[in-house]
Number of protein chains: 2
Amino acid sequence: MSYPVFAVTVDLVVLTVQEGELRVLLVRRGIEPHLDRWALPGGFVHADEDLAAAARRELAEETGLAWPGGHLEQLASYGAPDRDPRGRVVTVAYLALLPDLPAPLAGTDAAAAEWRPIGGQHLAFDHDRILADGVERARSKLEYTPLATAFCPPEFTVAALRQVYEAVWGETIDPRNFHRKATSAPGFVEPTGRSTEGEPGRPAKLYRRGDAALLNPPILRRKDD
Amino acid sequence: MSYPVFAVTVDLVVLTVQEGELRVLLVRRGIEPHLDRWALPGGFVHADEDLAAAARRELAEETGLAWPGGHLEQLASYGAPDRDPRGRVVTVAYLALLPDLPAPLAGTDAAAAEWRPIGGQHLAFDHDRILADGVERARSKLEYTPLATAFCPPEFTVAALRQVYEAVWGETIDPRNFHRKATSAPGFVEPTGRSTEGEPGRPAKLYRRGDAALLNPPILRRKDD
DNA sequence: ACGAGTTATCGTCAAGGTGATGAGAAAAGG
DNA sequence: CCTTTTCTCATCACCTTGACGATAACTCGT
């Protein structure tokens with residue numbers, strides 16, 4: 001049998017919310033091609049490794065954390081013949097959503113790793129498109145799934161959850177209506193009984209993520225007619 | 001540089017609606033491995049070929065039609081180390097939705113090709129899972145996108161569109177409410193001015209697909225609580 | 001020709017979700 | 001103690017939904 005030979009990589013779109021802003025984990029490349037340019041973290045899939053396992057391994061390497069909670073799912077694959085000058089490389093992109101970790105982000109292969117705001121990037125390879133696809137996937141999934149909790153620590157307030165939506169969607173949301181929807185959607189959030197302390201304003205009840213897989217009813221973003 | 005070597009294939013989940021039933025295009029394998037077992041159509045990506053182009057090529061080869069209309073999108077990638085006994089093969093699955101073609105379905109590589117009902121399959125490789133993922137994607141996308149029109153010929157009635165939903169979702173829909181939703185969602189369907197003739201019952205107006213990318217409001221399936 | 005059957009299309013109505021907004025509760029800070 | 005801040009609950013008009021009645025416009029059998 002003679003069929004073309006490929007290399008297969010995984011690339012990661014790792015998103016988090018810091019200071020009310022959606023940010024992506026980027027690395028500065030330490031090797032050619034695209035030396036010194038910013039890129040999504042990623043690497044080659046090992047010989048006997050599942051795709052999802054490779055994604056988890058790369059995520060652990062790049063964040064320096066074994067499993068920081070959050071969410072990891074396959075995004076899409078990209079395989080244009082000229083996307084990598086080294087040869088025929090197909091990449092399977094994964095989307096990760098993480099809470100705001102005070103992570104040191106030790107770079108193993110890369111020269112540097114940083115959380116950067118979304119937008120106006122000029123990344124290596126076709127990573128601009130992969131990033132755009134990942135952000136759009138995240139925005140869309142926040143509507144119909146409880147995935148926003150993946151951006152939050154184990155216990156969080158309704159306001160923190162709302163700020164995730166505002167950061168990811170880039171729009172403001174009425175706190176009163178959001179509170180009604182978030183607490184009434186079955187399985188979205190569950191009360192812990194505890195409350196915040198020591199912060200200005202009335203103390204907020206603390207919640208943890210519920211066990212629903214789908215949000216019913218969904219929390220829709222404003223459709224701009 | 002020494003990194004593992006992969007082969008890359010595309011596999012197709014080609015769905016259509018025939019006789020009010022959702023069906024998938026399957027081929028009987030003419031070569032090892034899994035000789036004589038049913039499988040999704042697919043094949044190796046050529047050396048200088050884009051993934052989407054490979055999917056379109058395979059679709060044209062398997063259906064025997066250049067471009068029968070319909071819809072083609074990437075589904076997901078599958079790359080478990082042991083999924084193909086020939087070695088390390090990663091497959092990029094595509095989902096195609098086609099109108100009911102009276103297609104001969106000439107097999108080029110395969111021993112046979114047929115439209116088969118969904119369910120209770122035992123396909124080669126990990127194709128059972130790929131098929132399940134494809135069907136679920138189709139079911140889900142019918143809610144939020146005008147994709148149901150991809151199952152229809154260029155001109156169709158509201159009833160035909162409703163029967164697509166019923167076949168894909170496997171549930172009955174009230175014709176009156178569906179008519180209201182389908183005709184009121186902007187950009188979903190556009191009237192042609194023509195009507196059906198010679199069929200029993202009141203003649204139905206004919207529509208063609210609109211230009212909307214998203215269905216607003218969506219057409220939701222019954223949530224089974 | 002004509003009624004019966006069939007299918008398409010329009011209308012109505014109550015229940016529930018939505019956005020806009022008011023108002024009270026419960027803390028910190030001066 | 002009063003102001004400010006933030007959280008939480010309540011109200012209201014509007015819209016969409018599902019259930020279902022009613023009518024329109026054809027084919028078919030006799």
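Proteins get letters first, then strands, A, B, ... in listed order; numbering begins at 1 in each.
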From CZ of B:Phe178 across to C1' of D:dA19 the rounded distance in Å is 17 Å

- Query: Base, sugar-phosphate, or nothing for A:Glu199, non-hydrogen atoms under 4.0 angstrom?
  - Reply: sugar-phosphate

Salt bridge (Lys or Arg N to Asp or Glu O under 4.0 Å) pairs touching residues 134-160 of chain A, sequence neighbours excluded, are A:Glu73-A:Arg137, A:Glu73-A:Lys141, A:Glu136-A:Arg221, A:Glu143-A:Arg221, A:Glu155-A:Arg194

Whole-Å distance, A:His179 NE2 to C:dG19 P, equals 16 Å

Of A:Ala159 and B:Arg202, the one whose nearest nucleotide on DNA chain D sits closer to the 5' end is A:Ala159

According to a strict under-4.0 Å criterion, is B:Arg180 in side-chain N/O contact with OP1 or OP2 of C:dA8? no

Rounded to whole Å, CG of B:Asp174 lies from P of C:dT7 at a distance of 15 Å

Counting distance only, does the side-chain N/O of B:Glu171 pair as donor-acceptor with the main-chain N or O of B:Arg222 below 3.5 Å? yes

In whole angstroms, the gap separating P of D:dC20 from CD1 of B:Ile173 amounts to 16 Å

Here the distance between atom C1' of C:dA27 and atom CD of A:Glu197, to the nearest Å, is 11 Å

Rounded to whole Å, CG of A:Asn216 lies from P of C:dG17 at a distance of 10 Å

Residue pair A:Ala204/A:Asn177 against DNA chain D: nearer the 5' end by closest nucleotide is A:Ala204

Does the B:Tyr207 side chain pair with the main chain of B:Val158, one donor and one acceptor, at a distance under 3.5 Å? no

Taken to the nearest whole Å, CG/B:Leu220 to P/C:dG16 is 17 Å

Here the distance between atom C1' of D:dG18 and atom CZ of B:Arg222, to the nearest Å, is 7 Å

Taking D:dT8, C:dT18, D:dG18 as options, the one with an atom nearest any side-chain atom of A:Lys205 is D:dT8

Result for 5'-nearest mapping on DNA chain C, choosing between A:Lys181 and A:Pro200, is A:Lys181

**Q.** Side-chain donor or acceptor of A:Glu166 paired with backbone N/O of A:Ile173 under 3.5 Å
**A.** yes

All N/O donor-acceptor pairs, side-chain side in residues 15-27 of chain B, below 3.5 Å, sequence neighbours left out:
{"from": "B:Thr16", "atom 1": "OG1", "to": "B:Leu98", "atom 2": "O", "distance (Å)": "2.8"}
{"from": "B:Thr16", "atom 1": "OG1", "to": "B:Pro99", "atom 2": "O", "distance (Å)": "3.2"}
{"from": "B:Gln18", "atom 1": "OE1", "to": "B:Arg23", "atom 2": "NH1", "distance (Å)": "2.8"}
{"from": "B:Gln18", "atom 1": "NE2", "to": "B:Asp100", "atom 2": "OD1", "distance (Å)": "3.2"}
{"from": "B:Glu21", "atom 1": "OE1", "to": "B:Arg23", "atom 2": "NE", "distance (Å)": "2.8"}
{"from": "B:Glu21", "atom 1": "OE1", "to": "B:Arg23", "atom 2": "NH2", "distance (Å)": "2.9"}

Check your understanding: Side-chain donor or acceptor of A:Arg176 under 3.5 Å from a matching atom on the base of C:dG19?
Key -> no

